[in-house]
Amino acid sequence: MLTVLRVHLPSEIPIVGCEITPYVLLRRPDGGIFTDDVSEASPVDGYFMRYKWYRIQSDRRAAVCSVHPTEQATLQCIGCLKSKIPVAKSYHCSAKCFCDAWQHHRVLHERAISALNENGTEEDELFGRFGSGSSSSGIISAALSGSTPNLSQSSGFNNGPTPVYPTGTEKSSGETWFEVGRSRTYTATADDIGHVLRFECVVVDLETRGTVRAPTSVMTSRVIPAPTPTPRRLIPVNAADAMGHFDLDSRASSFGTFTVLSYNILADTYATSDTYSYCPTWALSWAYRRQNLLREIIGYHADIICLQEVQNNHFEEFFAPELDKHGYQALYKKRTTEIYAGTPQAIDGCATFFRRDRFSHVKKYEVEFNKAAQSLTDAIIPAAQKKLALTRLVKDNIALIAVLEAKFGNHGTENPSKRQLLCVANTHINIHHDLKDVKLWQIHTLLKGLEKIAVSADIPMLVCGDFNSIPGSTSHGLLAMGKVDQLHPDLAVDPLGILRPLSKLTHQLPLVSAYSSFARMASVGYDLDHQRRRMDPTTNEPLFTNCTRDFIGTIDYIFYTGGAVGEGFSTIRRERALVEVKNE
C-alpha cells in the first residue's frame with residue numbers, strides 16, 4: 001500500500017505570487033522511498049494521491065506590514081490609497097517603520113503618478129496588480145489603531161470571495177475554511193494575505209475511490225505580500241563622453257548602439273540557510289527569487305544578457321521560455337561534472353540571451369577548463385604528479401562564447417554590405433580564494449582563445465562574467481592591462497609551475513572595463529559625481545559588485561575591446577545584487 005511518511009514545506013511563510021510545493025515523502029508497497037507526484041493518471045499499485053489547499057480565514061484579520069512582513073500593521077499610508085497603489089504596500093507596523101522607509105516608499109508614489117496615463121506596465125502584465133480594482137480603494141483612510149483592526153468590516157476590502165470549490169467550505173470556532181486548490185502546488189494570492197494556509201494530502205484507492213487512512217496535513221504561517229525590491233538608479237554612459245579620449249574610426253562609430261547586462265543570479269542549490277543564515281527562508285526560496293530576477297532582468301531591456309549560475313533545470317523550464325516571450329534567443333553551457341556531486345538537473349552554468357530583432361546567432365564555442373587542464377598536465381606535468389595536478393586544476397568551470405551578427409548600424413560605412421559581427425564571452429571563473437594560480441590560468445586560457453577568434457575574423461569582443469577576482473589582483477590586471485606585474489605577490493602561489501614563464505601571461509586584446517571607461521567620462525553632473533564616489537579611485541572599478549555578510553568587493557566585470565565595439569555603447573550595465581540575497 002502507498003503510504004505518506006512525511007510532509008513539510010520548503011518555507012513556512014508563503015509569499016503572494018510565489019508557488020508553494022510541499023515535500024511529500026512516500027513509501028511504495030515494495031518499501032521504496034520517493035517524492036514524485038502520484039497522480040490518478042499514473043497510479044502506483046492501484047493508489048494515487050489527492051491534494052487540497054485551504055485558506056483558514058478568521059473572523060478577525062490583521063493587516064501585515066509591507067516592510068516587515070512578519071509584523072502586524074498599525075498604520076496605513078493614505079497617499080497610497082489615493083494613488084491606487086496596491087493596498088498591501090500601504091501598511092506599516094509603526095511610525096518609525098514608515099519614516100525609515102519613506103525615501104523608498106516615496107518612489108512608489110512617483111511611479112504611480114507617472115503611470116496614471118499609461119495602460120499598465122510590463123511588470124503588471126507579468127505579475128498583476130496585487131489588491132487592484134475595488135479592493136484598492138474605499139478602504140481605511142486613516143492611521144490604524146494600535147489594536148488589531150477588523151478589516152473584514154472595512155468598506156470595499158474583500159478577502160472572502162466565493163471560493164473556487166464551494167463544497168469544501170467549512171466553518172467552526174470562528175474560522176472559515178475556504179478550499180482554494182486541488183493540486184500539490186499552490187500560488188498564494190492577494191486574498192490570502194494575512195491568512196494561514198493548510199495543505200492536506202491523502203492516499204486514494206483507485207478502484208473504490210475511497211481514502212486510505214486519515215489525511216496528512218501541514219499549516220503555513222500567515223501569507224505575506226511580496227516585498228517591493230529597492231529601485232536601482234542606473235546611470236547612462238554617453239558614448240562620446242565615455243570614449244572621448246579615443247579617435248572614432250568609421251568601423252566603430254557605425255556599429256549601432258546596444259546594451260549589455262551581466263548577472264550572477266545565485267543558483268538555488270547554493271542559496272542555503274547554512275550559507276545565508278541572516279536571510280529568512282522565504283527570501284531564499286527559488287519560487288520567490290525567480291520572479292524578482294525575471295522582473296529585474298526584463299526591466300533592463302538589455303540587448304544582450306549574460307547570466308551565471310543558471311541551473312540546468314531552471315534554464316530549460318523557466319529562463320529560456322520566459323525570455324523567449326520577450327524576444328530573446330538563448331544559448332547555454334552547463335558546467336562539467338568531473339567533481340560535481342549533485343543531481344544532474346541542479347548543475348549550473350552560463351546562459352547568454354540576445355534579442356532576435358537586434359542580433360542573429362552565427363556560431364557558438366564552448367570552453368571546458370577541465371579539458372584544458374588535461375592537455376596542460378599531459379604537456380608539462382611529470383607523470384608522477386599528474387593526479388595531484390588535476391586535483392588542483394579540475395574545477396568544472398566553463399565559458400560560453402557566442403558570435404553574433406548585428407541587424408543594425410551598418411550605415412555610412414565604406415562597405416555597407418560587410419557583416420557586423422560581435423563576439424560575446426560569458427564565463428564563471430573558479431571561486432576558491434587560495435587557488436589564485438588556477439584563476440589566472442583559466443582567465444589566460446580564455447583570453448588566448450578569444451585572441452584567435454579576434455584575429456581570424458577581425459571581430460570586436462565583449463568579455464562578461466563572474467571572474468571571482470578583485471581589482472588589483474593578477475587576474476584583473478591581465479584582463480585590464482594585457483599583462484601581469486611580474487613582482488605581484490599573487491604569482492608566488494604556483495605549486496605546479498603552470499604560470500611559468502611569466503612573460504607568457506599576456507594577450508593582445510585591447511580590453512577596457514565598462515566601469516573604468518565610465519570613470520574617465522568628461523561630463524560633470526550630480527549623478528556622475530555621486531556615482532564616482534562609489535568607485536575605487538585607484539582601479540576605477542566599483543567598490544563592490546558582491547555584498548554578503550562575509551565578503552564585500554568587486555568580482556564581476558564587463559570588458560570590451562575599446563578600439564572597436566567600445567564606441568558603440570551608449571549604456572553599459574552590470575548588475576549582480578538580489579533582493580535579500582547576494583552571492584559570493
Side-chain angles (χ1 to χ4, degrees), residues 264 266-267 269-270 275 308-309 333-342 347-350 367-382 384-400 425-449 463-481 483-502 504-507 541 544-546 548 550-557 559 576 583-584:
N264 183 321
L266 179 60
T269 190
Y270 306 137
T275 304
Q308 303 87 43
E309 287 198 17
K333 171 60 180 173
K334 66 181 178 181
R335 290 161 58 102
T336 45
T337 57
E338 291 187 43
I339 63 172
Y340 177 73
I347 191 168
D348 66 286
C350 294
V367 178
E368 296 183 357
F369 293 112
N370 284 3
K371 289 183 178 179
Q374 184 66 58
S375 299
L376 179 67
T377 53
D378 289 344
I380 70 169
I381 304 296
Q385 299 178 2
K386 281 187 178 181
K387 184 176 181 180
L388 181 64
L390 289 174
T391 299
R392 186 173 184 85
L393 292 174
V394 171
K395 300 301 177 186
D396 287 338
N397 297 99
I398 55 89
L400 171 63
N426 180 9
T427 191
H428 190 185
I429 298 300
N430 183 260
I431 188 174
H432 297 289
H433 302 300
D434 57 342
L435 298 179
K436 294 182 175 63
D437 55 323
V438 178
K439 295 177 192 285
L440 182 57
W441 168 75
Q442 287 183 347
I443 292 173
H444 182 251
T445 300
L446 173 62
L447 291 173
K448 300 310 284 186
V463 186
C464 309
D466 177 355
F467 294 86
N468 276 307
S469 302
I470 62 173
S473 65
T474 52
S475 296
H476 179 266
L478 180 61
L479 283 160
M481 305 302 295
K483 60 182 180 178
V484 299
D485 177 359
Q486 297 191 15
L487 299 179
H488 198 291
D490 283 358
L491 298 175
V493 181
D494 185 19
L496 302 175
I498 59 175
L499 304 180
R500 277 19 181 203
L502 297 178
K504 74 177 183 181
L505 298 177
T506 63
H507 68 87
E541 298 289 1
F544 64 90
T545 62
N546 176 282
T548 68
D550 303 318
F551 174 81
I552 299 177
T554 297
I555 55 179
D556 309 89
Y557 308 93
F559 288 93
R576 180 186 177 84
N583 180 30
E584 181 174 4

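The model shown is predicted, which means the values in this text are computed figures rather than measured ones.
Every residue meeting the ring-ring contact (aromatic ring centres under 6.0 Å, His included) condition with Phe559, not counting sequence neighbours, appears here in chain and number order: Tyr557. When the side-chain hydrogen bond (donor to acceptor under 3.5 Å, both in side chains) test is applied to Gln385, no partner is found at least two apart in sequence or on another chain. For Asp396, there are no salt bridge (Lys or Arg N to Asp or Glu O under 4.0 Å) partners two or more places apart in sequence or in a different chain. Legend: residues meeting side chain to side chain contact (heavy atoms under 4.5 Å, CB included) with Thr269, ordered by chain and number and at least two apart, are Ala267, Gln311. Every residue meeting the salt bridge (Lys or Arg N to Asp or Glu O under 4.0 Å) condition with Lys386, not counting sequence neighbours, appears here in chain and number order: Asp378. Under the rule for a salt bridge (Lys or Arg N to Asp or Glu O under 4.0 Å), Asp434 has no partner lying at least two apart in sequence or in another chain. Residues meeting the side-chain hydrogen bond (donor to acceptor under 3.5 Å, both in side chains) test with Asp348, sequence neighbours left out: Tyr270. Not a single side chain to side chain contact (heavy atoms under 4.5 Å, CB included) links Pro489 to another residue, sequence neighbours left out. Residues passing the salt bridge (Lys or Arg N to Asp or Glu O under 4.0 Å) test with Glu338: none are found, sequence neighbours excluded. Residues that satisfy the side-chain hydrogen bond (donor to acceptor under 3.5 Å, both in side chains) test with Lys436, not counting sequence neighbours, are absent from this structure.
A 4.5 Å side-chain heavy-atom check between His428 and Asn468 finds at least one atom pair inside the cut-off. Considering only heavy atoms from C-beta on, Leu376 stays 4.5 Å or farther from Ile381 through its side chain. Under the 4.5 Å side-chain criterion, counting only non-hydrogen atoms from C-beta, Ile429 is not in contact with Ser475. Within the 4.5 Å cutoff, no side-chain heavy atoms of Lys334 are placed close to those of Ile398. Inter-residue side-chain proximity for Asn430 and Phe369 is flagged as unmet; no heavy-atom pair is nearer than 4.5 Å. Inter-residue side-chain proximity for Thr554 and His476 is flagged as unmet; no heavy-atom pair is nearer than 4.5 Å. Using a 4.5 Å heavy-atom cutoff, the side chains of His444 and Val484 are not in contact. Residues Val367 and Thr427 have side chains not in contact (no heavy-atom distance under 4.5 Å, counting atoms from C-beta outward).
For Lys504, the NZ atom counts as densely surrounded, since its 6.0 Å shell holds more than 12 non-hydrogen atoms of other residues, nucleotides or ligands.
Between Arg392 and Lys395 the shortest heavy-atom distance is O-CE, 3.1 Å. Residues Gln308 and Asn264 share a closest heavy-atom pair of OE1-N, 3.3 Å. In terms of heavy atoms, Trp441 sits closest to Leu393 at CE3-CD2, 4.2 Å. Closest of all the heavy-atom pairs between Cys464 and Phe467 is C-CE1, 3.9 Å. Across all their heavy atoms, Leu446 and Ala399 have their closest contact at CD1-CB, 3.9 Å.
We find the CG-CG distance between Leu390 and Leu496 to be 9.0 Å, quoted to the nearest 0.5 Å. Between the OG1 atom in Thr377 and the CD1 atom in Ile498 there is a gap of 10.5 Å [rounded to 0.5 Å]. One finds the CD1 atom of Ile443 at 5.0 Å from the CG atom of Leu479 (value rounded to the nearest 0.5 Å). Separating the OG atom in Ser375 from the CD1 atom in Ile380 is a distance of 11.5 Å, to the nearest 0.5 Å. Between the CG atom in Asp437 and the CG atom in Leu435 there is a gap of 6.0 Å [rounded to 0.5 Å]. Summarising the geometry, atom CG belonging to Asn426 is positioned 10.0 Å from atom CG belonging to Asp466; distances are rounded to the nearest 0.5 Å.
Pairs engaging residues 439-449 under the salt bridge (charged side-chain N to carboxylate O under 4.0 Å, His left out) rule: Lys448-Glu451 [sequence neighbours left out]. Residue pairs that meet the side chain to side chain donor-acceptor pair (under 3.5 Å) test with at least one member in residues 485-500, sequence neighbours left out, are Asp494-Arg500.
A side-chain donor-acceptor contact under 3.5 Å links Gln442 and Asn397.
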- Query: Checking side chain to side chain contact (heavy atoms under 4.5 Å, CB included) for the pair Ile555/Ile470: CA distance, chi angles, key distance, verdict?
  - Reply: CA-CA 5 Å; Ile555 55 179; Ile470 62 173; 4.1 Å; yes

